[in-house]
> 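First the structure, then my questions, so here it is.
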Number of protein chains: 2
Amino acid sequence: MPRDTLTREQIVKAAIELLDDEGLEGLNMRALGKRLGSAATAVYWHVGSKDNLITLAGDEVWHQIALPDLATTDWRTAATQMATDLHTMLTRHSWLVQAFGSYMIFGPGKARHDDHGLAIYEAAGFTMAQADQAAAIVFTFVLGNALVPAAAASFAKKLGRDGGNAEALMHESMAKAHEIAAQFPRLRARLDTAVTDYATAPDNTFQFGLQAILDGLEARLSARVSGGA
Amino acid sequence: MPRDTLTREQIVKAAIELLDDEGLEGLNMRALGKRLGSAATAVYWHVGSKDNLITLAGDEVWHQIALPDLATTDWRTAATQMATDLHTMLTRHSWLVQAFGSYMIFGPGKARHDDHGLAIYEAAGFTMAQADQAAAIVFTFVLGNALVPAAAASFAKKLGRDGGNAEALMHESMAKAHEIAAQFPRLRARLDTAVTDYATAPDNTFQFGLQAILDGLEARLSARVSGGA
DNA sequence: TTCATACTTGAACGTTGTGCAAGTGGCCTC
DNA sequence: GAGGCCACTTGCACAACGTTCAAGTATGAA
C-alpha cells in the first residue's frame, strides 16, 4: 500500500460528509474508517481524537462562510448577510449546532468569522464594547434559531436508526406532542395554523427577528453614542 | 426488600441532581442506579429508556419556572421576567440546552411555558401569528445565549473527567484559543478587556440584547398593526 | 541494499445503553 | 393462614463505541 493515502484534510472532509448524512450521533470512527477505505484506528494518527476531529470539522464549516466586503456594503446589509449566511450554514450542517454545545469549537475559521463580525459593528460607528455586545447578541440569536430545527433533524435521524419504520414512530411522537399541546388554549388554537405557516415561509421568523434585533441595537446603541448614560 | 422503593419522581429528581453535578455526559444508568441505591436496570422499568428519562428531566425543569401574572403585570415586564427566568434556569441546568439539541424535549412543562409566552404577546395586542413570531424570537435568543456558557461548562467538566489535572488542561486550551485570536486584529484588541468585562457583569449582554429585541419587536409589530402591509 | 521514519493495521480493553430470564416480596383471595 | 398473582428488582449478557498498543509495511534517504 502506498504511503500518504490518508491526509488530515481528506479525513475532515469525509467526516463532514458523514456528519451531514448521518448526524452527530451517526459519526463513529469505524464508519469513518470504512468511508475512507482504511482501518478505523488509522484516523487517530492524523487527528488525535474524535473530539479534536469534530472541532476541526466544525471550524472548517466556519471557514467556508463568505465575508461581506465592508468597503462596498453598508453595515446593516453586511450584518444581515453574515447572519443569514451563518444561519443557512448551521441549517445545512445541523450537527454543528449540537456539537457547539458539547465540544470546544474555536479555531481559525471561527476566529476569522468573529473578527469580521466585530468589524461590521465598528464600521457602524459603535465603540469596541458596543460592537462586542452587538456581535454577541446577533450570534447567539442565530445559534438559538438553528438549534430548534437541528433538534428536530437529529430526532428524526434517531428514529430512523432505531427501528425500521421511522415514519410511524415520527407520526406517533407528533401525535403525542399534539395531545399535550391540545391541553393549553393558545397552543391548541395554533396547532392547525402553525404547520401551514411554517411550510409557507420557514425563514420568515428568522429574518423578521434579525431585522427587529438590528433595529433595536441601532436605536439603543446610537442613543448611547449621541446622548448620555 | 419493601416494594415501591423506587418511583418515577424520585428517579427524575436524582437524574437532575446527577446532571447538575456531572453534566450531560456524566449521566449514565449505572451511576444513576448507584445514586438511587438500586441496580442500574431497575430504572428501566420506570422510565423506559435513557432518552425518555432526559426528556422527563428536561420537562421537569420547565415545570419549575414561575409564570408571571398577566393581570397585574404589563406585558413588557412579564416578557422580560419570563425570558430572564428561563435564562437563569438554563444556566443553572446547563445540560438542558445541550439536551435540547439531541433529544425531543417537549412535555407538559414546556407546553405550559410556551402557552404563557404566547399569552404575554397577545396581551400586548399582537395578533396570534405575530405573538407566535415574537415568542419564537425571544425563546431562540434565550436558548442561544445559554448555549455558549453551557458549552464552556461542559468542556470544563470533560477536562476534569479525562486527566487528573483539569486546571492545567484548561489553561492550555485557553492559551491555544488566545494564540489563534491574536492573529486577528479586532479579536486581539479585545483579548484583555473581554475577560474583565465579562467578570464585571456577565448578564449585561443578555439583558441588553433582550431589551433591544423587545424594542425592535414592539416597533415592528405595532407598525404592522396600525399601518398597512 | 539497508535502515529509519511515517504511516497503517488488527486485536484488545473498558465503558456505555439495554434486553432478558430469574428472582423477590407484598397484597388479595379463599 | 395458605397460596398465588403481579409489581418490581436483579445480575448477566451482548453489541456498539472510543481508544491504546504492539506489530507490521511501504517509502525515501544513505
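The shown structure was predicted, so the numbers you read here are calculated from the model rather than taken from an experiment. Here is how names work: the chains are called A, B, and so on, in the same order as the sequence lines, proteins then strands, and each is numbered from 1.
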> Sub-3.5 Å donor-acceptor pair from the side chain of B:S102 to the main-chain atoms of B:A99, do we have one?
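Not at all, since once roles are kept as given, no pair shorter than 3.5 Å links the two residues.
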
> Are the side chain of A:N145 and the backbone of B:T140 linked by a donor-acceptor contact shorter than 3.5 Å?
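Such a contact is absent between A:N145 side chain and B:T140 backbone.
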
> Nearest-Å distance, CG (B:N52) to C1' (C:dG17)?
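The distance from CG of B:N52 to C1' of C:dG17 comes to 14 Å, rounded to the nearest Å.
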
> Tell me whether the NZ or CZ atom of B:K110 lies within the 45° cone about the ring axis of A:F184 and under 6.0 Å from its centre.
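Relative to the ring axis of A:F184, which defines the angle, B:K110 lies outside at least one limit.
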
> Does a side chain donor of either A:Q207 or A:T80 reach within less than 3.5 Å of an acceptor in the other side chain?
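No, no side-chain donor-acceptor contact under 3.5 Å.
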
> Would you say the side-chain atoms of B:K13 pair up with the backbone N or O of B:A57, donor to acceptor, closer than 3.5 Å?
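A pair under 3.5 Å: no.
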
> Counting only heavy atoms from other residues, nucleotides and ligands, does the tally under 6.0 Å from NE2 of A:H63 exceed 12?
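More than 12 within 6.0 Å, yes.
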
> Is any side-chain N or O of B:H46 closer than 4.0 Å to OP1 or OP2 of D:dT9?
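Answer yes for this pair, as a side-chain N or O of B:H46 is under 4.0 Å from OP1 or OP2.
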
> What residues in residues 21-34 of chain A put a non-hydrogen atom under 4.0 Å from any atom of DNA chain D?
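The answer is A:L27, A:N28, A:M29, A:R30.
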
> Nearest-Å distance, CD (B:Q10) to C1' (D:dT9)?
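Answer to the nearest Å: 14 Å.
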
> Salt bridge (Lys or Arg N to Asp or Glu O under 4.0 Å) for A:K158 and B:D51? Distances and angles first, verdict last.
CA-CA 11 Å; A:K158 188 182 295 185; B:D51 280 22; 3.1 Å; yes

> Between protein and nucleotides 20-22 of chain D, what N or O pairs are separated by less than 3.5 Å?
none

> Who are the side-chain contact (heavy atoms from CB on, under 4.5 Å) partners of A:S38, not counting sequence neighbours?
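A:L6, A:L36, A:A42.
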
> Assign each of A:A39 and B:D51 to its nearest nucleotide of DNA chain C by heavy atoms, then name whichever residue's nucleotide is nearer the 5' end.
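Looking at DNA chain C, the more 5' nearest nucleotide goes with A:A39.
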
> Measure from NZ or CZ of B:K50 to the centre of the six-membered ring of B:Y44, then state whether that distance is under 6.0 Å and the direction lies within 45° of the axis.
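Pair B:K50/B:Y44 does not count as cation-pi.
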
> Rounded to the nearest Å, what distance is computed from the NZ atom of residue A:K158 to the P atom of nucleotide C:dG17?
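Checked: the NZ to P distance equals 12 Å.
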
> Given atom CG of A:L6 and atom P of D:dA26, what is their separation to the nearest angstrom?
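Spelled out: CG on A:L6 to P on D:dA26 is 16 Å.
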
> Tell me which nucleotide among D:dG18, D:dA7, C:dT8 gets nearest to the side chain of B:W45.
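Of all the options, the side chain of B:W45 is nearest to D:dA7.
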
> How many Å lie between NZ on B:K50 and P on D:dA16, as a whole number?
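Roughly 18 Å, once rounded to whole Å.
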
